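Everything on this sheet refers to the single structure shown next.
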Amino acid sequence: MAEKLSQSSFTAESIQKKSGGFLGVDKSTLIKGLFGGNALVAIIVLALITFFLFREGVEFFPQYQHDMSLYRKSGQELAGLLKAEMDEYNELQKELEAVQVVLATETLEEIEGKEWPDENAKWAAYGEKTAAFQNYAESIRSASGPLKDVVEKVRDHTREMKEVVVVQETRKQITGIDLSTLMDEEEAEKLLLGSRQQVKDLMPEIVEAHKAFRENLTLVLASPPKVETEGGKEGLEDFQKEAEKFLEKIPGFERKLEKYDAEKPFTIWKALGGFLMGTEWITASSWQDYYGIWPLLSGSLMVTGVALFFAIPMGVFAAIYVNQIANSKEQNFIKPFIEFISAIPSVVIGFFGVVVFGELIRVWSQAGLEPPDIPVIGSVLGFFSNILNGIALRLDFFPISERLNAFTAGGLLALMAVPTIFTLAEDAMNNVPKAFTEASEAMGATRWQTIWRIQIPTALSGIISAILLGLGRVIGETMVVLLCAGNRIAVPEFKGAGTVFEPVHTMTGIIAQEMGEVVPESIHYRALFCVGIVLFFLSLLINYVAQIIVRRYQIANG
Amino acid sequence: MSDKPKTESVPPSAPAPQVTRDAGDLSAAKTLIEVKDFDFFYGQKQALFDINLEIPEKLVTAFIGPSGCGKSTLLRCLNRMNDLVDVARIGRGSINIHGVDINSKDVDVIELRKRVGMVFQKSNPFPKSIYENITYGLKIRGIHKKSYLDEVVERSLRGAALWDEVKDRLHDSALGMSGGQQQRLCIARAIAVEPEIILMDEPCSALDPIATAQIEELIDELKTDYTIVIVTHNMQQATRVSDKTAFFYLGKLIEFDETARLFSNPDNKQTEDYITGRFG
Ligand SMILES: Nc1ncnc2c1ncn2[C@@H]1O[C@H](COP(=O)(O)OP(=O)(O)O)[C@@H](O)[C@H]1O
Ligand SMILES: [Mg+2]
């Protein structure tokens with residue numbers, strides 16, 4: 001450096017700013033820019049992500065509106081109502097078939113147990129014993145005959161018409177095709193009108209067939225066959241009950257048909273409602289695609305619920321223990337241990353879930369746990385497995401058939417949320433001024449009273465925000481749910497506590513799974529972005545609430 | 001801390017003790033707390049050396065001495081607050097209250113602390129309402145009867161000369177009070193459980209002169225009902241509020257006497273140096 005070290009005399013020049021720096025920008029500005037720039041980049045990236053999500057996602061609603069409008073205008077929607085009814089009836093018939101199988105096996109057993117002069121006599125006897133039921137089953141099947149025929153007609157026709165329009169629209173988007181060879185909008189409208197007119201024309205026939213269906217079914221159900229075998233009798237009784245229920249629902253279906261109006265426009269609000277309230281997520285269907293978020297949202301919420309159910313007590317209690325009760329040796333052991341969990345890659349946890357945890361629970365629910373055949377350890381484990389097996393016997397939703405379900409995923413996510421909750425809750429308790437606990441003890445409070453009445457209430461908002469951030473961690477997790485949740489896209493049927501053992505799909509899971517396969521800018525692609533937006537807002541909300549709580553807590557502690 | 005008057009030490013020429021009690025009255029007082037041959041350690045480090053001290057009942061005893069000489073340590077031994085410090089241990093000797101060794105295995109420390117209340121250097125009301133602060137000591141003993149709690153709150157706040165200032169906002173947060181009010185609340189909280197002894201560790205060191213005067217006045221009133229042991233940094237304060245004064249230096253009790261005598265005519269050279277401001 002050529003600069004003089006000696007103090008120069010006080011002149012205007014000597015105290016002037018040195019013109020160092022880069023490209024005429026002085027050093028402190030540069031440094032400020034460097035740090036500020038990094039903060040700015042984070043903000044810009046966040047803004048870009050939000051913008052991008054919205055740009056790709058918002059288009060979904062007009063597209064969905066258009067899609068559903070076609071569905072309605074072509075008359076396919078009405079056919080859909082009938083189809084739903086027929087589908088339900090088919091389900092019912094499947095139950096009957098199951099009863100039939102039971103009956104056949106039982107009858108066969110009975111017959112084999114007797115002496116017969118020859119094979120023919122034996123089969124004749126078998127036929128005789130099952131004939132009544134066969135007839136009954138046949139009547140049930142044919143009860144819907146006329147209705148089924150007309151429904152099929154409507155269904156195939158409307159689908160074809162809609163397909164024509166859809167194909168034309170798709171081709172329009174391909175460049176290089178002579179547009180004049182394609183149908184214009186007017187023609188398409190006409191086609192759809194024709195389609196819906198045909199459905200209208202068929203209405204009297206449909207109503208007639210419906211009436212006949214109801215009468216037939218009532219008649220058949222009124223005279224159930226005599227069944228002698230144990231299982232058959234029981235099965236038949238159950239079936240009769242289910243069938244009666246279905247019968248009671250038929251007027252409801254009829255009313256829906258009456259009210260149906262194909263001319264009513266399908267508004268954008270309906271599209272929005274269809275997404276936010278829809279209970280079906282069906283893609284690449286030959287009938288009609290639905291993009292309702294509930295199968296995914298409910299899955300995410302269930303998995304999260306299970307995870308928090310385990311993670312909150314584990315994380316909070318561990319924090320209380322480490323902060324209040326453990327000596328420093330225990331602290332030094334437990335803390336890094338729990339914090340290490342967050343370093344395990346989620347795919348490894350997911351793998352563990354598939355191979356070990358899920359399988360273990362299924363085996364436990366079905367056959368009970370067998371301790372391994374090792375001398376000492378085996379008998380220790382045997383003690384625990386006996387207890388667990390005792391519990392399993394009392395859980396009326398056991399056995400479960402699926403190894404991968406909301407519980408498996410939730411149980412593992414709990415593991416991932418524990419470090420977050422533990423660390424933040426422990427921090428919150430650490431931040432409680434020593435003076436408070438000292439004052440409490442000086443008043444003659446016991447350790448537990450101090451923890452319960454002073455420590456926890458003072459740290460409560462911090463603990464709550466720890467839980468919320470744990471929640472944020474869980475709801476955004478993808479790999480584990482993709483591997484362990486079972487990926488069944490349906491709103492789980494509610495059956496008490498057993499509901500958590502149903503396979504589910506999640507918002508994160510569906511994006512990861514389907515994003516790679518969809519056609520860019522297709523409605524399906526945009527629907528996934530909409531799911532992303534919901535997820536984004538959910539996380540934003542959780543973080544925001546957590547921050548508000550923390551802020552309030554800081555004020556409360558002065 | 002900085003609010004305290006700068007004229008700390010008493011000028012050598014004018015000790016001017018403001019204690020009004022006559023000597024006969026003092027020597028007749030019964031001993032309540034008896035510290036015998038007491039050694040105390042933090043880990044390897046000895047903090048108190050062979051302390052012998054008899055603290056009289058229903059009088060105010062002040063502990064003075066330079067910072068780090070063990071005043072707080074001894075005070076905290078009187079209600080076993082040092083149990084909370086991992087490395088703390090008693091080396092030798094005993095502390096008896098009413099002739100009972102408080103460190104004996106049979107003593108329930110919870111019961112001890114109920115009888116020996118404490119007020120800290122930095123006021124530390126709980127982040128709860130004024131009312132809840134006062135009733136805390138009763139609630140942890142399972143007393144929940146509203147009428148009784150109300151009565152105790154009023155009595156304690158009156159006892160701490162705070163009632164008129166806060167009676168209309170009993171359910172407001174205690175953290176919204178001024179520093180002096182918070183400290184008096186801590187005193188009210190301590191007397192709510194009717195202890196026999198109140199220990200105060202530099203209760204005025206963070207307060208301004210007016211709040212300090214209020215607390216000193218309060219101490220003067222409290223001594224009709226309670227035995228008070230106060231640690232103070234401020235020798236004028238010691239002369240104003242205490243009947244007896246103990247001077248500590250480097251973990252040792254150097255001199256213990258009636259306040260008037262100790263400040264006017266100390267036996268020990270170190271005491272004299274300290275009270276005349278030659279060191280400390
Ligand atoms: N918790 C503790 N752990 C270790 N040493 C302590 C602790 N508290 C106080 N000491 C030490 O004991 C000595 C006496 O401290 P203290 O009683 O607080 O002095 P004073 O109140 O007279 O200023 C000091 O040397 C201090 O460093
Ligand atoms: Mg001290």
Side-chain angles (χ1 to χ4, degrees), chain A residues 319-335 425-466 548-558, chain B residues 72 75-76 78-87 108-128 132-142 173-177 179 182-183 185-195 197-201 206:
Chain A
I320 292 173
Y321 181 80
V322 166
N323 191 267
Q324 291 293 310
I325 301 157
N327 59 32
S328 57
K329 218 187 261 171
E330 285 174 305
Q331 279 185 4
N332 290 340
F333 175 73
I334 298 173
K335 262 180 151 180
E426 215 251 335
D427 271 359
M429 297 188 58
N430 246 342
N431 284 338
V432 174
K434 255 256 146 24
F436 291 163
T437 37
E438 213 169 38
S440 170
E441 306 239 0
M443 299 291 300
T446 62
R447 198 65 189 272
W448 285 111
Q449 285 172 328
T450 304
I451 293 175
W452 191 244
R453 288 168 183 268
I454 302 294
Q455 195 82 30
I456 293 180
T458 312
L460 191 65
S461 42
I463 293 174
I464 290 173
S465 73
I548 286 184
I549 291 174
V550 168
R551 205 166 303 153
R552 203 171 278 164
Y553 149 85
Q554 279 168 343
I555 291 166
N557 278 344
Chain B
S72 298
L75 193 76
R76 291 165 59 91
L78 301 182
N79 69 343
R80 287 179 56 184
M81 281 306 281
N82 282 325
D83 285 11
L84 303 178
V85 179
D86 282 340
V87 294
D108 183 351
V109 65
I110 306 290
E111 290 301 319
L112 171 70
R113 289 183 188 148
K114 185 185 168 183
R115 289 169 177 78
V116 187
M118 189 160 197
V119 176
F120 295 83
Q121 179 168 5
K122 186 172 178 298
S123 64
N124 54 359
F126 301 126
K128 297 170 183 276
E132 282 176 283
N133 262 283
I134 307 271
T135 54
Y136 182 78
L138 298 168
K139 284 191 177 159
I140 57 176
R141 293 186 174 83
S173 169
L175 300 181
M177 306 164 86
Q182 286 192 11
Q183 195 59 295
L185 178 67
C186 291
I187 294 174
R189 185 173 66 184
I191 62 181
V193 294
E194 299 178 45
I197 302 167
I198 302 175
L199 310 175
M200 300 184 178
D201 193 346

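Convention: sequence-line order gives letters A, B, ...; per-chain numbering from 1. All heavy atoms count here, side chains included; hydrogens, waters and symmetry mates do not. Computed from a predicted structure; not experimentally measured.
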Student check: side-chain heavy atoms of B:Val85 and B:Arg76 closer than 4.5 Å: yes
Practice item. Evaluate the side-chain proximity of B:Glu132 to B:Phe126: yes if any heavy-atom separation is below 4.5 Å, no if none is. Key: no
Please give me the minimum heavy-atom distance between [X] and [Y], naming the atom from each residue.
{"X": "B:Pro125", "Y": "B:Leu175", "result": "O-CD2, 4.1 Å"}
{"X": "A:Ser461", "Y": "A:Ile549", "result": "O-CG2, 3.1 Å"}
{"X": "B:Ser123", "Y": "B:Gly179", "result": "OG-O, 4.3 Å"}

Whatever's closer than 4.5 Å to a heavy atom in chain A on B:Lys139 counts as both
Whatever's closer than 4.5 Å to a heavy atom in chain B on A:Thr437 counts as neither
One option among B:Leu84, B:Val119, B:Asn79, B:Val116 has the most heavy-atom pairs under 4.5 Å with chain A, and it is B:Leu84
Highest number of heavy-atom pairs under 4.5 Å with chain A among B:Val109, B:Ile140, B:Asp108 belongs to B:Ile140
Against chain A, residues from residues 185-195 of chain B with at least one heavy atom under 4.5 Å, in numeric order, are B:Arg189, B:Val193
Quick one: [atom1] on [X] to [atom2] on [Y], what's the gap to the nearest 0.5 Å?
{"X": "B:Lys114", "Y": "B:Arg141", "atom1": "NZ", "atom2": "CZ", "answer": "5.0 Å"}
{"X": "B:Gln182", "Y": "B:Asn124", "atom1": "CD", "atom2": "CG", "answer": "9.0 Å"}
{"X": "B:Ile110", "Y": "A:Gln449", "atom1": "CD1", "atom2": "CD", "answer": "7.0 Å"}
{"X": "A:Gln324", "Y": "A:Gln455", "atom1": "CD", "atom2": "CD", "answer": "3.5 Å"}
{"X": "B:Leu75", "Y": "B:Gln121", "atom1": "CG", "atom2": "CD", "answer": "11.0 Å"}
{"X": "B:Gln183", "Y": "B:Met200", "atom1": "CD", "atom2": "CE", "answer": "8.0 Å"}

Under a 4.5 Å heavy-atom criterion, the part of residues 441-448 of chain A in contact with chain B comprises A:Glu441, A:Ala442, A:Met443, A:Gly444, A:Ala445, A:Thr446
